[in-house]
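Atoms considered below: every heavy atom in the structure, side chains included; atoms not considered: hydrogens, waters and symmetry mates. Owing to the predicted nature of the structure, the values given are computational and were not obtained by experimental measurement.
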Amino acid sequence: FGQIDLVEEIIRIKGFDKIQSIKPEKERLKPTLNFAQRHFNLAKRSIASKGYLEAITWSFTDEKINRFFIENNKPTKLANPISSELNVLRNSLYPNLIYYLKKNIDRGFENFALFEVGPSFQGKEPGEQKSIVCGVKIGNVSEKNWNEQNRPFDVFDIKKDTIQTLFELELNRDEILIDDKPPQYYHPGKSGAILTKKDQKNIIAHFGELHPNILKELDIKINSIQGFEIYLDNLVNYKSKNKKIKSRMNASDFQKSERDFAFVIDKSFKSQDLIEIISNADNSL
């Protein structure tokens with residue numbers, strides 16, 4: 001007999017009801033996930049909750065699609081690619097998402113949203129890899145509304161998804177600015193960039209309609225693709241340096257009241273500037 005067999009016999013003879021249950025001791029010296037890993041998983045849950053389907057694709061992509069998203073970098077070609085269509089490291093997560101988006105469009109899926117959280121590569125050296133949350137959306141807003149007809153997704157829908165995700169990743173509204181200078185693969189008039197106020201060179205996200213020329217070159221037969229990119233590394237680094245302790249919420253005993261304001265402004269005036277003016281008003285008012 002082995003030791004465990006003897007133990008079993010003693011317990012059987014003495015009776016299980018005579019054995020005292022002892023909970024196992026657990027002492028956690030450090031959290032299971034670090035700060036960056038928690039944001040990685042939280043970002044997935046946040047995007048999925050908005051109706052996006054998660055895709056997990058290769059870190060390789062087709063050079064023909066990747067060339068639209070290179071910007072000022074050079075493609076990193078693979079010496080021994082697993083196929084001719086996966087011959088470079090991706091400079092963005094868009095190429096693979098667009099590739100599979102096109103496959104679904106060709107099969108008749110008109111309302112569709114995909115996202116992926118993973119690395120993009122600016123080169124082959126250590127440190128030239130970035131963690132990015134990327135999503136694409138096509139189709140029409142399917143919510144029934146008595147006040148308006150069904151309409152296609154536009155830049156304001158993808159902007160809402162992007163900003164709401166940042167809020168769920170615990171970035172406050174008063175910490176960000178919205179700029180109108182995104183990368184060249186976005187539509188120049190229907191896109192934007194999200195920056196931090198403390199460091200306006202720190203880009204947290206881009207959002208908007210992808211450039212129509214990309215759809216034309218890739219023979220994608222839809223009117224537009226809306227997309228966003230959230231740069232997790234930049235977000236985590238910013239939050240690591242600006243950690244905040246949440247203040248206690250003091251709720252009023254009275255029912256809330258709301259008041260609407262309407263403004264007539266010049267067409268060239270940016271809505272972001274107006275938001276900043278309102279945000280800087282005296283809170284005691």
Side-chain angles (χ1 to χ4, degrees), residues 33-44 47 54-102 114-136 162 165-166 169 171 179 181-188 191-196 198-211 213-215 217-218 225 227-241:
L33 301 177
N34 62 32
F35 197 59
Q37 290 168 334
R38 291 205 305 274
H39 281 76
F40 186 91
N41 289 288
L42 181 59
K44 286 187 176 185
I47 301 296
E54 184 179 8
I56 301 175
T57 68
W58 298 101
S59 292
F60 322 128
T61 192
D62 189 343
E63 186 177 8
K64 295 177 183 177
I65 306 177
N66 189 68
R67 63 187 174 92
F68 295 108
F69 303 94
I70 288 179
E71 290 281 77
N72 299 321
N73 299 308
K74 294 181 179 179
T76 305
K77 295 187 177 182
L78 303 175
N80 188 22
I82 59 177
S83 76
S84 59
E85 293 181 348
L86 298 169
N87 60 333
V88 295
L89 287 174
R90 60 187 181 188
N91 287 87
S92 167
L93 271 63
Y94 274 131
N96 284 350
L97 289 180
I98 289 174
Y99 176 82
Y100 289 105
L101 193 68
K102 186 177 187 301
L114 284 175
F115 83 96
E116 183 174 6
V117 184
S120 71
F121 302 87
Q122 310 308 313
K124 59 184 179 181
E125 300 300 327
E128 295 182 326
Q129 176 178 329
K130 298 180 180 179
S131 294
I132 295 179
V133 185
C134 185
V136 289
T162 309
T165 300
L166 293 176
L169 291 173
L171 194 67
D179 196 10
K181 296 177 182 177
Q184 61 185 8
Y185 47 83
Y186 287 97
H187 191 299
S191 54
I194 299 176
L195 322 169
T196 55
K198 287 189 176 182
D199 180 7
Q200 296 187 19
K201 292 183 180 180
N202 184 32
I203 300 175
I204 298 294
H206 286 122
F207 65 87
E209 180 180 322
L210 296 188
H211 203 290
N213 286 346
I214 297 177
L215 277 65
E217 290 284 340
L218 298 177
I225 296 177
F228 68 87
E229 298 167 290
I230 297 174
Y231 305 103
L232 268 183
D233 296 333
N234 293 354
L235 176 64
V236 170
N237 289 338
Y238 171 79
K239 288 187 62 180
S240 298
K241 297 175 182 176

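With sequence neighbours excluded, the residues that form a side-chain hydrogen bond (donor to acceptor under 3.5 Å, both in side chains) with K44 are E54. Evaluation of the side chain to side chain contact (heavy atoms under 4.5 Å, CB included) rule for P183 yields E71, Y185, Y186, H206 as partners, not counting sequence neighbours. Considering only residues two or more places apart in sequence or on other chains, F228 meets the ring pair (Phe, Tyr, Trp, His ring centres under 6.0 Å) condition with Y52. Scanning for side-chain hydrogen bond (donor to acceptor under 3.5 Å, both in side chains) contacts around Q37 gives an empty result, with sequence neighbours left out. Residues satisfying the side-chain hydrogen bond (donor to acceptor under 3.5 Å, both in side chains) test with N234, not counting sequence neighbours, are none. By the ring pair (Phe, Tyr, Trp, His ring centres under 6.0 Å) test, F35 pairs with H39, sequence neighbours left out.
Remark: F69 CZ to S120 OG distance equals 12.5 Å, nearest 0.5 Å. Between L218 atom CG and K102 atom NZ the span is 8.0 Å, to the nearest 0.5 Å. Expressed to the nearest 0.5 Å, how far CD1 of I47 lies from SG of C134 amounts to 9.5 Å. Distance check: F60 CZ to I82 CD1 gives 5.5 Å after rounding to the nearest 0.5 Å. Residue I194 holds its CD1 atom at 11.0 Å from CG of D179, rounded to the nearest 0.5 Å.
Side-chain contact between L232 and I132: absent, with no pair of heavy atoms (C-beta onward) separated by less than 4.5 Å. Here the side chains of L210 and I98 are in contact, with some heavy-atom distance below 4.5 Å. I70 places none of its side-chain heavy atoms less than 4.5 Å from the side chain of F68. Here the side chains of F121 and K130 are not in contact, with every heavy-atom distance at 4.5 Å or above. The side-chain heavy atoms of Y238 and L171, taken from C-beta on, include a pair separated by under 4.5 Å. Looking at heavy atoms from C-beta onward, P188 lies in side-chain contact with H211 at the 4.5 angstrom threshold. The shortest distance between side-chain heavy atoms of Q122 and N91 falls below 4.5 Å. Side-chain contact between I204 and T196: present, with at least one pair of heavy atoms (C-beta onward) separated by less than 4.5 Å.
Between the side chain of R67 and the backbone N or O of D62 there is no donor-acceptor pair closer than 3.5 Å. Panel note: side chain N87, backbone E63; a donor-acceptor pair is recorded below 3.5 Å. Side-chain N or O atoms of N66 include none that pairs as donor or acceptor with a backbone N or O of P75 at under 3.5 Å. In this structure a side-chain-to-backbone donor-acceptor pair under 3.5 Å is missing from E217 to N213. For the pair K64 (side chain) and E85 (backbone), a donor-acceptor distance under 3.5 Å is absent.
Minimum interatomic distance between K181 and A193 (heavy atoms only, all atoms of both residues): O-CB, 4.3 Å. Residue T76 comes nearest to G123 through the heavy atom pair OG1-CA, 3.7 Å, listed as atom of the first residue, atom of the second, then distance. Nearest heavy-atom pair across L86 and P81 is O-CB, 3.4 Å. Heavy-atom minimum distance, P119 versus S59: CG-OG, 3.9 Å.
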So F40 and V236, side chain to side chain contact (heavy atoms under 4.5 Å, CB included) or not? Walk me through it.
CA-CA 10 Å; F40 186 91; V236 170; over 6 Å; no
Does the pair Y94 and E229 meet the rule for a side chain to side chain contact (heavy atoms under 4.5 Å, CB included), with working shown?
CA-CA 9 Å; Y94 274 131; E229 298 167 290; 3.4 Å; yes
Step by step, would you call V133 with T165 a side chain to side chain contact (heavy atoms under 4.5 Å, CB included)?
CA-CA 10 Å; V133 185; T165 300; 5.7 Å; no
Go through V136 and L97 one step at a time and tell me if the side chain to side chain contact (heavy atoms under 4.5 Å, CB included) criterion holds.
CA-CA 7 Å; V136 289; L97 289 180; 4.2 Å; yes
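Residues T61 and N96 have side chains that bring a donor and an acceptor to within less than 3.5 angstrom of each other. E116 and T57 share a donor-acceptor pair across their side chains, judged by distance under 3.5 Å alone.
Other residues, nucleotides and ligands contribute only 12 or fewer heavy atoms inside 6.0 Å of the CD1 atom of I56.
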